[in-house]
Amino acid sequence: HFRGVATVVAKLFNLVQPDAAYFGRKDAQQSLVVGRMIRDLSFPVRLKVLPTVRERDGLAMSSRNRLLSTEARRSSRALFQALQEGRRLIECGERRGAVVARRIRRGIGKIPGAKVDYVAVADPETLQPMARLRGRARLLVAAWIGPVRLIDHIEVRCSAPS
């Protein structure tokens, strides 16, 4: 998938010759792939990664949200709540990535009919899984809510335990 993204974006850059490209932070993997491609291929393009915009209840804005039934839309806010629970766990001193991921997965499991695609606790720059948390970490989720695949993530700072 991301190889295809890089190919399409590279073709677009070659055709348009932009000075800057704007991507949303919500799709963390895509932003990292495009940033890496810009560096590797020496595109004269500044990458601007914009913050995730959220609905009032915390769900990351996406054109896919309109495909959710009323009930699925209401329950999908649990996706962001699960990420927030992972953040709280880290803020309380948990440093085992697997424990944080299990807690997030459990939160998503409370959504009726949800099917988890992935939950990851990863390095924010490389997206490599982090067994032991230190510095910064990115909590990433993808889940099917009915026929709609939603993605989200948050970045957290893992300060030293007091």
Side-chain angles (χ1 to χ4, degrees), residues 1-6 8-9 21-37 47-161:
H1 168 76
F2 291 115
R3 185 175 298 134
V5 167
V8 168
V9 172
Y22 297 84
F23 283 80
R25 190 172 306 279
K26 180 177 73 85
D27 194 338
Q29 295 96 323
Q30 182 172 288
S31 298
L32 287 172
V33 165
V34 171
R36 177 71 182 259
M37 180 198 69
L47 178 64
K48 303 285 188 177
V49 181
L50 304 174
T52 300
V53 178
R54 296 189 178 278
E55 304 281 354
R56 285 184 179 172
D57 61 5
L59 182 65
M61 281 191 175
S62 170
S63 59
R64 294 178 183 185
N65 295 354
R66 66 180 170 72
L67 303 174
L68 295 165
S69 69
T70 303
E71 183 179 326
R73 172 61 187 85
R74 192 173 21 250
S75 62
S76 64
R77 64 180 161 222
L79 203 63
F80 183 61
Q81 291 167 349
L83 287 170
Q84 294 291 73
E85 179 61 26
R87 177 194 308 259
R88 283 189 292 277
L89 197 58
I90 292 168
E91 288 171 350
C92 289
E94 182 58 63
R95 293 297 175 263
R96 295 170 293 173
V99 171
V100 175
R102 273 196 305 275
R103 180 72 63 90
I104 295 169
R105 187 177 289 273
R106 190 178 320 138
I108 297 169
K110 295 177 184 175
I111 303 171
K115 293 185 183 100
V116 174
D117 189 356
Y118 65 80
V119 172
V121 178
D123 179 280
E125 301 303 320
T126 66
L127 297 182
Q128 290 300 308
M130 295 175 74
R132 193 87 186 132
L133 305 182
R134 59 182 144 321
R136 296 177 305 134
R138 190 165 286 173
L139 312 181
L140 303 114
V141 299
W144 291 90
I145 312 296
V148 182
R149 184 175 181 268
L150 298 176
I151 61 171
D152 202 351
H153 78 95
I154 59 174
E155 194 169 306
V156 297
R157 176 151 294 285
C158 310
S159 51

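Heavy-atom basis, side chains included; hydrogens, waters and symmetry copies ignored.
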Reference residue Leu140; test side chain to side chain contact (heavy atoms under 4.5 Å, CB included); the match among Ile151, Leu127, Val121: Leu127

Ion pair present between Glu85 and Arg88, side-chain N to carboxylate O less than 4.0 angstrom? yes

Audit row: Met61, Glu55, side chain to side chain contact (heavy atoms under 4.5 Å, CB included) steps and yes/no: CA-CA 6 Å; Met61 281 191 175; Glu55 304 281 354; 3.5 Å; yes

Between Ala6 and Val33, the two heavy atoms sitting closest are CB-CG1, 4.1 Å

Do Asp152 and Arg54 pass the side chain to side chain contact (heavy atoms under 4.5 Å, CB included) test, and can you show the C-alpha distance, the side-chain angles, and the key distance before you say yes or no? CA-CA 10 Å; Asp152 202 351; Arg54 296 189 178 278; 2.8 Å; yes

Is a side-chain donor or acceptor of His153 paired with a backbone partner of Ala142 at a separation under 3.5 angstrom? no

How about CZ on Arg105, more than 12 heavy atoms from neighbouring residues, nucleotides or ligands closer than 6.0 Å, or not? yes

Spacing of CG belonging to Leu139 relative to CD belonging to Glu155, to within rounding of 0.5 Å: 9.5 Å

What I'd like to find out is whether the side chain of Arg95 reaches to under 4.5 Å of the side chain of Ile90, using heavy atoms alone. yes

For residues Ile104 and Gly86, report the shortest heavy-atom separation together with the two atoms involved. CG1-CA, 4.0 Å

Taking Glu125 first and then Arg136, would you say they form a salt bridge - that is, a charged N and a carboxylate O separated by under 4.0 Å? yes

Side-chain donor/acceptor of Asn65 to backbone N/O of Ala60, under 3.5 Å: yes

Starting from the C-alpha separation in whole Å, work towards a yes-or-no answer on side chain to side chain contact (heavy atoms under 4.5 Å, CB included) for Gln30 and Phe23. CA-CA 8 Å; Gln30 182 172 288; Phe23 283 80; 3.5 Å; yes

Step by step, would you call Leu59 with Phe80 a side chain to side chain contact (heavy atoms under 4.5 Å, CB included)? CA-CA 6 Å; Leu59 182 65; Phe80 183 61; 5.9 Å; no

If every non-hydrogen atom of Leu68 is compared with every non-hydrogen atom of Val148, which pair is closest and at what distance? CD2-CB, 3.7 Å

Supply the atom-to-atom distance Cys92 SG to Arg87 CZ, rounded to the nearest 0.5 angstrom. 12.5 Å

Under the side chain to side chain donor-acceptor pair (under 3.5 Å) test against Asp57, which residue among Gln81, Arg73, Arg74 passes? Arg73

In Å, rounded to the nearest 0.5 Å, how long is the span from CG of Leu89 to CZ of Arg102? 10.0 Å

Can you name the closest pair of heavy atoms from Ser31 and Leu47 and give their distance? O-CD2, 3.7 Å

Whether the side chain of Arg64 engages the backbone of Arg149 through a donor-acceptor N/O pair (distance < 3.5 Å, no angle test) should be reported. yes

Ignoring hydrogens, what is the shortest heavy-atom contact between Leu133 and Glu94? Give both atom names and the distance. CD1-O, 4.1 Å

So CD of Glu71 and OG of Ser76: to nearest 0.5 Å the spacing works out to 11.0 Å

Interatomic spacing from CH2 in Trp144 to CD1 in Ile108 - rounded to 0.5 Å: 14.5 Å

All heavy atoms of Ile145 vs all of Ala72, minimum pair found to be CG2-CB, 3.8 Å

May I ask you to decide whether Arg138 forms a salt bridge with Asp123, counting only side-chain N to carboxylate O separations under 4.0 Å? no

Separation between CZ of Arg96 and CE of Met130, rounded to the nearest 0.5 Å: 15.0 Å

